[in-house]
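By convention in this document, chain letters (A, B, ...) are assigned in the order of the sequence lines, proteins followed by strands, and residues within each chain are numbered from 1.
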Amino acid sequence: MKLLPVPENTAGAVALQKMLACRIISRGDLISPGLIAGADVSVNRFGKIGWAAVVVLNYPGLDIEDAVVVEREVTFPYVPGLLSFRELPLIVSAFEKLRIKPDLVIMDGQGIAHPRRLGLAAHLGLVIETPVIGCAKSRLCGEYREPGTIKGDSEPLIYKGETVGTVLRTRDGVRPVFVSPGHRIGINSASKWVLNTCRGYRLPEPIRQAHLAAGRHRIEYNIGNPPVRRT
DNA sequence: GCGACAG
DNA sequence: ATCTTGTCGC
């Protein structure tokens, strides 16, 4: 089956998600992933062009070993719950250009903490057949109690009576992040590796570096293509 | 019908 | 996501 088609409409996209979700493996642990990648997408103001960045870091050093940024037109609109159809084409093509393949990926967005259990990170895991963790900056679905205020404090994220992820404080006094398995990793291991790759900032280093890389390319584009202005 | 709603 | 400088707080 085609894992990432261009959906005819939202109904088709939803139907595909329901079929793919049953393939997700949300269990397992990783003992020592020597290479951890971060992925993120930046889209310009009009949602016309996007930049997908994938940065591979070694662990535990977290030095950059490889980085790829892909620039491409974004076609699918942003619809809550259907984000993967908008961003995955870019992300996947960036992964294909990577010289070094990571043992684990941390992706900006939800994993199985999704209405149909197929958030961006889960969908990515199926496509690249690699362990992926979803680490989102805000909630899409599910309920939770506010975790303690200290780095490492956490609370389960529960959706329809089922624990789908972890609300995790990655730094003292900042808003928590929403961690959930994407594919080939369990809930506990997912939050463990997010915490292990946090170095003084709210977001784990792999995602932070990917975000920075994508942003740099967007700036370059803006310099070469000055925005038209009205006087 | 109403509110919620990753990026 | 993006538009954006200074500013309040640990």
S.K.: Between C:dT2 atom P and A:F46 atom CZ, what is the distance in whole Å?
M.R.: 13 Å
S.K.: Tell me whether A:R208 forms a cation-pi arrangement with A:Y201, defined as NZ or CZ under 6.0 Å from the six-membered ring centre and within 45 degrees of its axis.
M.R.: yes
S.K.: Whole angstroms only, please: what is the CG-P distance between A:L118 and B:dA6?
M.R.: 16 Å
S.K.: Rounded to whole Å, please give me the gap between CG in A:L203 and P in B:dG7.
M.R.: 9 Å
S.K.: Assign A:Q110 to base, sugar-phosphate, or nothing according to its heavy-atom contacts below 4.0 angstrom with the strands shown.
M.R.: base
S.K.: side-chain contact (heavy atoms from CB on, under 4.5 Å) for A:I36 and A:D103? Distances and angles first, verdict last.
M.R.: CA-CA 6 Å; A:I36 303 178; A:D103 304 303; over 6 Å; no
S.K.: Using only side-chain N and O atoms of A:R86, determine if any of them is under 4.0 Å from OP1 or OP2 of B:dA6.
M.R.: no
S.K.: Between A:F85 and A:H123, is the gap from one ring center to the other below 6.0 Å?
M.R.: yes
S.K.: Assign A:D172 to base, sugar-phosphate, or nothing according to its heavy-atom contacts below 4.0 angstrom with the strands shown.
M.R.: nothing
S.K.: Considering every strand and a 4.0 Å limit on heavy-atom distances, what is the contact class for A:L82: base, sugar-phosphate, or nothing?
M.R.: base
S.K.: Nearest whole Å is fine: how far is C:dT4 P from A:N44 CG?
M.R.: 13 Å
S.K.: Does A:W51 form a side-chain contact (heavy atoms from CB on, under 4.5 Å) with A:R216? I'd like the steps, not just the answer.
M.R.: CA-CA 10 Å; A:W51 291 264; A:R216 283 194 294 269; over 6 Å; no
S.K.: Take the protein atom CZ of A:R117 and the nucleotide atom C1' of B:dA6, then report the distance between them rounded to whole Å.
M.R.: 15 Å
S.K.: Return the value, rounded to whole Å, for the distance between atom NE2 of A:H123 and atom P of B:dG7.
M.R.: 18 Å
S.K.: Write down the distance between CD1 (A:I91) and P (B:dG7), rounded to a whole number of angstrom.
M.R.: 13 Å
S.K.: So is the aromatic ring of A:Y78 stacked onto the base of C:dA1, judging by whether the centres are under 5.5 Å apart and the planes are under 30° apart?
M.R.: no
S.K.: Hey, does the side chain of A:R139 come within less than 4.0 Å of B:dC5's phosphate (OP1/OP2), counting only N and O?
M.R.: yes
S.K.: Is any side-chain N or O of A:K137 closer than 4.0 Å to OP1 or OP2 of B:dA6?
M.R.: no
S.K.: Counting the atoms with a prime plus P, OP1 and OP2 as sugar-phosphate, which does A:G81 contact under 4.0 Å by heavy atoms, base, sugar-phosphate, or nothing?
M.R.: base
S.K.: Rounded to the nearest Å, what distance is computed from the CG atom of residue A:L90 to the C1' atom of nucleotide B:dA6?
M.R.: 16 Å
S.K.: Side chains of A:T170 and A:R202: do they bring a donor and an acceptor to under 3.5 Å?
M.R.: no
S.K.: Counting only side-chain N and O atoms of A:S138, is one of them less than 4.0 Å from OP1 or OP2 of B:dC5?
M.R.: no
S.K.: For B:dG7, does either OP1 or OP2 sit under 4.0 Å from a side-chain N or O belonging to A:R45?
M.R.: no
